[in-house]
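Read the structure below first, then the notes.
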Amino acid sequence: MTGTTPTPDSTPTPGTTSAPTRGMNRARAVLRDLNAIDGAVYAAVAATPTPTLDTSLRRLSRAANHSKISFGVAAALALVPGRPRRAALAGVGAVAVASAGANLLGKRLVRRARPDREAARVVVGRHVRMPDSASFPSGHTASAVAFATAVGVVLPPAAVPLQVLAMAVGYSRVHTGVHYPGDVAAGAVLGMASAAVSLVAGASLAATRGK
């Protein structure tokens, strides 16, 4: 008489969870912790008195609306033939990619609510208009970093000052209370990726024209 080999019971033992479920639970816990840190840093910035910086950062945040600073720099660079003009084109292309990525994809997919500026007691002297769009990622930061990165690759002498300016724009969005630090960090990553896309597209276009 031949017997059959028993197969292991795949039913989870009561009180235990499967590996995928444990992984999802761990991921949710990590996200909760990161969100807590994000909120704590936002609150710390809001609670830190900086009266000498408030007006300047508020003005910088407003000036960065619709990438006005980047487009102004691009217009100046475009007046000079050669590498500065190519840098301007790469920068403007990067801004276009970053803006689309932030507004058409990121904000629509994540839909993170804006910070509660009043609850955090952000000083009124810092306030800029609270946007109606979702908070994640920071479009201002994405566009500023995209422009600085793309221009800096084509025109290295401009890299450091533009990156410093981009970081200041990103921080100004937290300082004025309209973004969490995590929104700004995500915007910076998106900006760098957008610059890479613009540079690759520009190089491909140049190669095609050279044939």
Side-chain angles (χ1 to χ4, degrees), residues 31 34 38 41 56-57 59-112 128 131 133-176 178-211:
L31 287 175
L34 291 175
D38 207 16
V41 175
S56 298
L57 289 170
R59 288 175 177 171
L60 176 62
S61 185
R62 286 175 174 168
N65 288 343
H66 309 295
S67 300
K68 288 182 289 189
I69 298 175
S70 296
F71 289 142
V73 174
L77 290 174
L79 296 175
V80 184
R83 183 169 288 187
R85 186 169 294 171
R86 293 198 301 273
L89 290 173
V92 170
V95 169
V97 175
S99 180
N103 295 303
L104 300 180
L105 292 177
K107 292 180 184 293
R108 294 186 179 185
L109 290 175
V110 179
R111 297 185 179 277
R112 187 184 196 185
V128 295
S133 60
S135 190
F136 184 97
S138 167
H140 283 65
T141 306
S143 295
V145 171
F147 182 80
T149 303
V151 171
V153 169
V154 181
L155 192 65
V160 172
L162 288 179
Q163 288 291 355
V164 170
L165 178 60
M167 287 188 290
V169 167
Y171 175 74
S172 77
R173 302 304 284 171
V174 179
H175 194 84
T176 55
V178 298
H179 275 295
Y180 292 104
D183 303 332
V184 170
V189 173
L190 174 60
M192 289 185 283
S194 300
V197 171
S198 177
L199 291 167
V200 169
S204 299
L205 181 60
T208 301
R209 287 180 176 177
K211 290 182 179 180

Counting N and O atoms only, with roles assigned by atom type, does the side chain of Ser204 sit under 3.5 Å from a partner on the main chain of Val200, one being a donor and the other an acceptor? yes
Give a yes or no on whether the backbone of Arg108 and the side-chain of Arg111 come within a donor-acceptor separation of less than 3.5 Å. yes
CD1 on Ile69 to CG on Leu60, rounded to 0.5 Å: 5.0 Å
Distance check, rounded to the nearest 0.5 Å: Lys107 atom NZ versus Ser138 atom OG? 6.5 Å
Is there a side-chain contact between Pro131 and Arg173 in this structure, where contact means two heavy atoms from C-beta onward sitting under 4.5 Å apart? yes
Mind listing the closest non-hydrogen atom pair of Pro181 and Val41 along with its distance? CG-CG1, 3.6 Å
Not counting sequence neighbours, which residues clear salt bridge (charged side-chain N to carboxylate O under 4.0 Å, His left out) with Arg112? List them please. Asp38, Asp183
Distance-only polar pair, side chains of Ser67 and Ser70, donor-acceptor under 3.5 Å: no
Look up atom OG1 in Thr141 and atom CE in Met167, then write down how far apart they are to the nearest 0.5 Å. 11.5 Å
I want to check something: taking the side chain as every heavy atom from C-beta on, are Val169 and Val145 in contact at a cut-off of under 4.5 Å? no
Would you give the length of the straight line joining atom CG of Leu77 to atom CZ of Arg86, rounded to the nearest 0.5 angstrom? 12.0 Å
By side-chain contact (heavy atoms from CB on, under 4.5 Å) - contacts of Val160 (at least two apart): Val164
Any side-chain heavy atom of Arg83 within less than 4.5 Å of one from Pro156? yes
Nearest 0.5 Å, what's the OH-CZ distance between Tyr180 and Phe136? 13.0 Å
Main-chain N/O of Gly170 paired with His140 side-chain donor or acceptor, under 3.5 Å: no
NE2 of His66 to OG of Ser99, rounded to nearest 0.5 Å, is 10.0 Å
Hey, could you give me each pair passing salt bridge (charged side-chain N to carboxylate O under 4.0 Å, His left out) that has a residue in residues 195-208? Not counting sequence neighbours. none
